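The structure appears right after this line, and notes come after that.
Owing to the predicted nature of the structure, the values given are computational and were not obtained by experimental measurement. Below, chains carry the letters A, B, ... as their sequence lines are ordered, and counting in each starts from 1.
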There are 2 protein chains.
Amino acid sequence: MWISRKTDYATRAVLALAIADGQRLNAQDLSRRVAVPDAFMKQILMQLRDAGVVRSERGPSGGYRLNHDPADITLERIVRIFQGQLAPIECATRHEPQPCSMEIGCSLRTVWAEVRDATIAILERTDFATLAAQSGGSWVPVGLTTKPYTV
Amino acid sequence: MWISRKTDYATRAVLALAIADGQRLNAQDLSRRVAVPDAFMKQILMQLRDAGVVRSERGPSGGYRLNHDPADITLERIVRIFQGQLAPIECATRHEPQPCSMEIGCSLRTVWAEVRDATIAILERTDFATLAAQSGGSWVPVGLTTKPYTV
DNA sequence: ATAAAGGAGACTAGGTTGGTCATATATGTG
DNA sequence: CACATATATGACCAACCTAGTCTCCTTTAT
Ligand code: SF4
Ligand code: SF4
C-alpha cells in the first residue's frame with residue numbers, strides 16, 4: 001500500500017493523455033476523464049510539467065499534452081516523480097542508502113534489495129504506449145456520460 | 001519506502017531470536033542486540049506474541065523465544081502482521097480489493113498486481129532459518145561492546 | 001473587453017508514525 | 001514472606017504526511 005493517491009492520479013492522467021494520442025486536453029476535462037478532483041488535478045499537472053512529462057499551453061483552448069512519445073515514458077519515471085526512491089526501506093536504496101547500525105552482516109537488507117530490483121524491473125519495462133494499447137482506446141470512470149475522447 | 005520502522009524492528013527481533021537458536025532472551029537484552037528503544041521493543045514483542053510468532057515467560061529470568069522452527073517463519077508473515085496487505089495499491093490486493101471507478105479496462109492495475117506478486121513471491125520464499133544462516137551466527141549493532149549471544 | 005484557460009502559493013483537517021510513561025501482574029530466589 | 005526482575009496493558013503524545021481546498025494572478029483567443 002505504498003502508492004499514494006497522488007501518484008495513482010498522476011499515472012491516470014498520463015495514461016489518459018497517452019490514450020488521447022497527442023490531443024490537447026484541459027485540466028477540467030482531464031479531471032473528469034480520470035475521476036480526480038479538478039483542483040488537485042491541476043496541482044498534479046504542475047508537477048508533471050515541472051518534471052518535463054507534459055507541456056502546457058495557456059489561454060482559452062489551452063491545456064496539456066504529453067511532452068514525449070508515450071513509448072518513451074515509463075511508469076517508473078512517473079512513480080519516481082511523486083514517490084522518490086523505490087526501495088521498500090531506506091537502507092536498501094540504490095543511490096546513497098541510509099546507514100543503519102545493524103547493516104553489517106544484515107541478511108534482511110539483501111532481501112529488501114531483491115524486492116527493490118523486482119519492483120524497478122517491472123516499472124521500467126512498462127511504458128505508456130503499451131498501457132494505452134491495452135486499454136483499447138477507451139477508458140472512462142463508471143458514470144461518465146459524455147462521450148469519451150470525442151470533442 | 002513502504003516498510004515502516006516498526007516492521008523493520010520486528011524483523012530484526014525475529015532474526016535475533018532465530019540466531020539465538022531457541023535461547024530465551026528478555027526484552028531489554030533483545031532491544032540492545034537489535035538497537036531498538038526498549039519500551040518500543042516491548043510493544044512490538046506483544047504484537048508478535050499475539051500473532052503467535054513468539055511466546056513469552058514472565059518473572060525473573062523470563063523472556064521471549066520463537067514459537068516455531070525458524071525455517072517455518074517467513075518474512076512475508078512478519079511483514080503482514082505489521083503492514084497488512086502487500087499490494088502497492090488498494091485496488092490490487094489479492095483479497096477484497098477496493099473498488100475504483102476507473103477499474104474497468106485499467107491497464108495500470110495489472111501492473112500493480114505484477115508488483116504485488118513479485119513482492120509476495122520473494123517474501124514468501126524467505127524464511128528466518130536461511131536469514132540466520134546468512135548472518136553466520138553473529139549480528140550486532142556497531143558499538144555494542146558486550147559479547148553477543150554468550151551469557 | 002471579456003472569458004477561459006493555466007500558474008503560484010497559502011492553508012488545513014485528519015490520519016499515521018514512532019515513540020514514551022505509568023501502572024499492574026507474575027514469578028524465581030533467599 | 002519479601003523482594004527483585006520480568007512481562008502485560010493501555011493511555012498518551014509530538015511531529016509529520018496525505019489529500020486535498022481556496023484565493024488571487026497571468027496569459028491569450030475571440
Ligand atoms: S536492520 Fe538491516 S534491513 Fe533493517 S534497516 Fe538495518 S540494515 Fe536495513
Ligand atoms: S485507476 Fe486503475 S490503478 Fe488506479 S486505483 Fe483505479 S483501478 Fe487501480
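- In this structure, Arg58(A) places its CZ atom 14 Å from P of dC25(D), rounding to the nearest Å.
- Between atom CG of residue Leu123(B) and atom OG1 of residue Thr11(B) there is a gap of 10.5 Å, rounded to the nearest 0.5 Å.
- OP1 or OP2 of dA8(D) sits under 4.0 Å from a side-chain N or O of Ser56(B).
- Inter-residue side-chain proximity for Gln83(B) and Pro88(A) is flagged as unmet; no heavy-atom pair is nearer than 4.5 Å.
- In this structure, Phe40(A) places its CZ atom 18 Å from P of dT12(C), rounding to the nearest Å.
- Using a 4.0 Å cut-off between charged nitrogen and carboxylate oxygen, Arg12(B) and Asp8(B) count as a salt-bridge pair.
- dT27(C) atom C1' lies 11 Å from atom CD of Glu57(B), rounded to whole Å.
- Residues from residues 41-54 of chain B with heavy atoms under 4.0 angstrom of DNA chain D, sorted by number: Lys42(B), Met46(B), Arg49(B).
- Residue-to-nucleotide proximity on DNA chain D shows that, of Pro60(A) and Tyr64(B), the 5′-proximal contact is made by Tyr64(B).
- Distance Asp38(A) CG to dA4(C) C1': 14 Å, rounded to the nearest Å.
- Distance Met1(B) CE to dC17(D) P: 12 Å, rounded to the nearest Å.
- Not one side-chain nitrogen or oxygen of Tyr9(B) sits closer than 4.0 Å to the OP1 or OP2 atom of dG18(C).
- Rounding to whole angstrom units, CD1 of residue Ile89(B) and P of dT18(D) are separated by 14 Å.
- Under a 4.0 Å N-O distance rule, the pair Arg94(A)/Asp117(A) qualifies as a salt bridge.
- Across the protein-nucleic acid pair, Lys6(B) atom NZ and dG19(C) atom P stand 10 Å apart, rounded to whole Å.
- Distance CD1/Ile78(B) to CG/Leu48(B): 6.0 Å, rounded to 0.5 Å.
- Side-chain N/O atoms of Arg5(A) include one lying less than 4.0 angstrom from OP1 or OP2 on dG20(D).
- Spacing between atom CZ of Phe82(A) and atom C1' of dA19(D) amounts to 13 Å, rounded to whole angstrom units.
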